[in-house]
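Heavy-atom basis, side chains included; hydrogens, waters and symmetry copies ignored. Lettering of chains follows the sequences in order, A, B, ..., and the numbering in each one begins at 1.
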Amino acid sequence: MTADLFDDVEQPWVEPLEDGAQVLRRFASARAPALLDAIIRVTEQAPLRQMKTPGGHTMSAAMACCGTWGWVTDRKGYRYQQTDPLTDKRWPGMPEILRALAREAAEQAGYPDFEPDACLINRYLPGAKMALHQDKDETDFSQPIVSVSLGSPIVFQFGGDRRSDRPRKVPLEHGDVVVWGGPSRLRYHGVLTLKPFDHPLTGACRYNLTFRRAG
DNA sequence: CAGTGACG
DNA sequence: TAGG
């Protein structure tokens with residue numbers, strides 16, 4: 001009596017995107033319940049919050065961080081810092097299950113030396129989106145970005161090195177991991193508005209984990 | 001400094 | 001209406 005007669009676990013597969021960029025389809029699916037448990041634990045210590053941009057607008061995605069460095073934005077600007085502005089305490093440590101997933105995904109994508117020191121947790125509710133932007137507040141662009149999707153599906157946009165470059169639309173679903181680095185490390189990217197979708201593990205919500213070497 | 005957002 |  002084998003478990004896989006009952007468990008219907010989809011095997012991951014790889015989808016090349018661009019030079020240095022890949023989608024690892026369903027790479028995180030089998031571990032998703034444990035990843036979500038870890039997200040809950042982190043956000044009990046560092047609550048999800050909607051940050052303000054320097055221009056004074058409120059971001060539609062709610063964010064929290066774990067690891068040595070956390071990304072924050074407020075009227076003063078965008079930056080990484082070692083403390084949570086809500087509590088002035090250090091960010092929660094990066095749970096091992098998150099670190100391990102990020103390292104395995106990076107290795108699979110051709111980045112064997114990835115040592116993330118920052119994990120940004122983004123929670124999207126229906127209506128939330130993220131405009132095209134570059135991840136460029138890090139100090140080390142030799143390391144890739146690893147982005148994990150959990151819960152409701154969304155359309156990811158993967159653009160060029162200039163905002164005006166027309167982005168590719170990449171539908172992402174639960175368990176998909178996008179890795180980009182090397183020549184594509186500074187690509188503009190974002191997501192379209194999240195549509196209502198009832199996911200068995202997360203309800204109407206989508207979590208995105210992004211891992212970086214920030215410091 | 002701020003376009004990771006708002007507007008027509 | 002929603003996205004370019």
Side-chain angles (χ1 to χ4, degrees), chain A residues 17-18 21 23 39 42-43 46-86 91 98 102 116-141 143-173 176-181 184-197 204-215:
Chain A
L17 250 193
E18 302 286 340
V23 186
I39 291 171
V42 166
T43 57
L48 291 159
R49 81 293 305 260
Q50 286 179 264
M51 297 187 196
K52 283 191 166 27
T53 65
H57 301 296
T58 301
M59 297 182 68
S60 57
M63 304 178 161
C65 304
C66 62
T68 303
W69 294 96
W71 186 84
V72 297
T73 175
D74 56 24
R75 272 153 297 185
K76 301 190 200 79
Y78 308 136
R79 64 194 175 275
Y80 281 94
Q81 60 177 54
Q82 294 183 278
T83 55
D84 181 344
L86 289 185
W91 298 101
L98 300 190
D117 60 7
C119 172
L120 179 54
I121 300 168
N122 285 173
R123 187 201 58 195
Y124 295 81
L125 295 176
K129 60 189 179 334
M130 183 81 71
L132 281 181
H133 66 279
Q134 294 174 296
D135 287 5
K136 60 179 182 188
D137 300 319
E138 301 76 22
T139 56
D140 186 355
F141 295 143
Q143 294 301 308
I145 302 292
V146 173
S147 171
V148 179
S149 292
L150 297 168
S152 304
I154 205 163
V155 178
F156 179 62
Q157 301 206 102
F158 194 71
D161 291 332
R162 296 175 305 181
R163 180 184 279 270
S164 56
D165 294 335
R166 180 157 61 91
R168 243 172 103 169
K169 284 179 155 73
V170 182
L172 293 180
E173 49 186 276
D176 291 348
V177 179
V178 187
V179 182
W180 66 99
S184 57
R185 175 60 181 74
L186 291 173
R187 288 288 207 271
Y188 275 87
H189 60 280
V191 291
L192 300 185
T193 307
L194 187 77
K195 305 297 193 249
F197 179 94
C205 121
R206 168 180 187 262
Y207 288 99
N208 177 67
L209 305 173
T210 53
F211 298 89
R212 311 95 189 270
R213 164 56 64 160

request  = For residues A:His189 and A:Gln157, determine if any side-chain heavy atom of one lies less than 4.5 Å from a side-chain heavy atom of the other.
outcome  = no
Base, sugar-phosphate or nothing for A:His133? Non-hydrogen atoms, less than 4.0 Å. base
So what does A:Asp137 touch, heavy atoms closer than 4.0 Å: a base, only the sugar-phosphate, or nothing?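 Here A:Asp137 touches the bases of the nucleic acid.
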Rounded distance in Å - [atom1] ([X]) to [atom2] ([N]):
X	N	atom1	atom2	result
A:Arg49	B:dT4	CZ	P	19 Å
A:Lys136	B:dT4	NZ	P	8 Å
A:Arg123	B:dT4	CZ	C1'	17 Å
A:Leu120	B:dT4	CG	P	14 Å
A:Leu132	B:dT4	CG	C1'	10 Å
A:Lys52	B:dC1	NZ	C1'	19 Å
A:Leu48	B:dT4	CG	P	20 Å
A:Met130	B:dT4	CE	P	9 Å

Across all chains, not counting sequence neighbours, the side-chain hydrogen bond (donor to acceptor under 3.5 Å, both in side chains) partners of A:Glu18 are A:Arg168
Worksheet entry | Residues forming a side-chain hydrogen bond (donor to acceptor under 3.5 Å, both in side chains) with A:Trp71, sequence neighbours excluded |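 Counting only residues at least two positions away or on another chain, A:Trp71 forms a side-chain hydrogen bond (donor to acceptor under 3.5 Å, both in side chains) with A:Asp137.
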Using a 3.5 Å cut-off and no angle test, enumerate the donor-acceptor pairs between side-chain atoms of residues 116-131 of chain A and protein atoms at least two apart in sequence or in another chain.
residue: A:Asp117; atom: OD1; partner: A:Ala214; partner atom: N; Å: 2.6
residue: A:Asp117; atom: OD2; partner: A:Arg213; partner atom: NH1; Å: 3.4
residue: A:Asp117; atom: OD2; partner: A:Gly215; partner atom: N; Å: 3.0

Enumerate the protein-to-nucleotides 1-3 of chain C contacts in which both atoms are nitrogen or oxygen and the separation is below 3.5 Å.
residue: C:dG3; atom: OP1; partner: A:Lys195; partner atom: NZ; Å: 3.0

Across all chains, not counting sequence neighbours, the side-chain contact (heavy atoms from CB on, under 4.5 Å) partners of A:Arg162 are A:Ser164, A:Asp165
Trace of the side-chain contact (heavy atoms from CB on, under 4.5 Å) decision for A:Val178 with A:Asp176: CA-CA 7 Å; A:Val178 187; A:Asp176 291 348; 5.7 Å; no
- Does A:Arg79 pair with A:Asp74 as a salt bridge, N-O distance under 4.0 Å? yes
If I take atom OG from residue A:Ser147 and atom CH2 from residue A:Trp180, how far apart are they, to the nearest 0.5 angstrom?
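Between atom OG of A:Ser147 and atom CH2 of A:Trp180 there are 4.5 Å.
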So does A:Gln143 get a backbone contact from the side chain of A:Arg185, meaning a donor-acceptor N/O pair under 3.5 Å? yes
- [ ] Please list residues of residues 72-85 of chain A whose heavy atoms come under 4.0 Å from any atom in DNA chain B, ordered by number; otherwise none.
- [x]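 Of all residues in residues 72-85 of chain A, the ones placing a heavy atom under 4.0 Å from DNA chain B are A:Gly77, A:Tyr78.
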